[in-house]
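First up is the structure itself, then whatever we jot down about it.
As a basis for the values below, the full set of heavy atoms in this structure was taken, side chains included, without hydrogen atoms, waters or symmetry mates.
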Amino acid sequence: MHILKRTSIGTYRLHPLTRCFLQAKLEHFSHPNIIKKKFCQTASKIAQGIPQRASRDQLLDVAPAIPHIVEAATYLQDWLHDTDLVVPYTGLGWFYYSQGAYERAESWLLKGYSVSQKRLGEEHLDVAASLDNLSTIYWNKGRYSEAELFCQRAIKIRRKLLDDNHLDIAQSLNTLGI
């Protein structure tokens with residue numbers, strides 16, 4: 001009973017010494033990358049389920065997973081697959097955005113933009129999505145010229161990579177219109 005502490009219904013916290021012990025064991029495990037990849041996949045799947053405007057109940061449901069999503073985004077980003085790379089950052093951004101914590105939301109979305117730009121290149125759909133997300137944050141913060149700039153960059157990338165009738169282009173145009 002001393003290695004686990006119940007923090008709420010269905011949620012437990014490991015004793016710090018137990019956590020250190022398990023981390024040391026992981027280093028000696030023959031396939032630690034498999035565990036890290038699975039951890040990142042799970043964190044990304046949870047983050048993907050965080051809507052841009054989450055309700056109080058949705059925020060409460062996902063709150064226990066936030067430290068794990070932070071871990072994946074901060075320390076384990078090398079084990080995130082390219083298709084999931086920006087997902088933890090976006091999920092964290094929307095988690096804080098839904099609470100009105102625009103500074104924290106901006107920080108996570110900027111990190112997602114930076115990481116995706118470095119790994120995927122400037123002209124990638126995930127980079128465009130990150131720019132579109134940042135424009136939403138800047139608009140809510142009253143930084144309209146920055147919001148417009150980011151949105152226009154997202155539209156430029158999406159127009160280059162997608163059909164003119166693609167829904168993502170329409171989304172960016174809608175964001176620009178707003």
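- Between Y144 and Y138, a ring centre-to-centre spacing not shorter than 6.0 Å is recorded.
- Hydrophobic clustering places Y102 together with I50 (ILVMFWY residues linked when any side-chain heavy atoms are closer than 4.5 Å, directly or through intermediates).
- Cation-pi geometry between K37 and W79 is not met at under 6.0 angstrom from the ring centre and within 45 degrees of the axis.
- Hydrophobic clustering keeps I157 apart from L149 (ILVMFWY residues linked when any side-chain heavy atoms are closer than 4.5 Å, directly or through intermediates).
- The closest side-chain donor-acceptor pair between Y97 and N140 falls under 3.5 angstrom.
- The environment of CZ in R104 is sparse: at most 12 heavy-atom neighbours from other residues, nucleotides or ligands sit within 6.0 Å.
- Smallest separation of non-hydrogen atoms from V62 and I46: CG2-CG2, 3.6 Å.
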Inset, instruction - Could you walk me through whether R119 and L85 pass side chain to side chain contact (heavy atoms under 4.5 Å, CB included), step by step? - result: CA-CA 9 Å; R119 190 190 296 180; L85 182 61; 3.5 Å; yes
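- Surrounding CG of N165 are at most 12 heavy atoms belonging to other residues, nucleotides or ligands under 6.0 Å away.
- For R53 and S98, the side-chain atoms include no donor-acceptor pair closer than 3.5 Å.
- F95 and L110 fall within a single hydrophobic cluster, where Ile, Leu, Val, Met, Phe, Trp and Tyr are joined by side-chain heavy atoms under 4.5 Å apart, directly or via other members.
- Both F150 and I169 are members of a single hydrophobic cluster when ILVMFWY side chains are connected at heavy-atom separations under 4.5 Å.
- The shortest heavy-atom contact between E103 and K141 is OE2-NZ, 2.8 Å.
- For S44 against V87, the heavy-atom pair with the smallest separation is O-CG1, 3.2 Å.
- With sequence neighbours excluded, the residues that form a side-chain hydrogen bond (donor to acceptor under 3.5 Å, both in side chains) with Q171 are D132.
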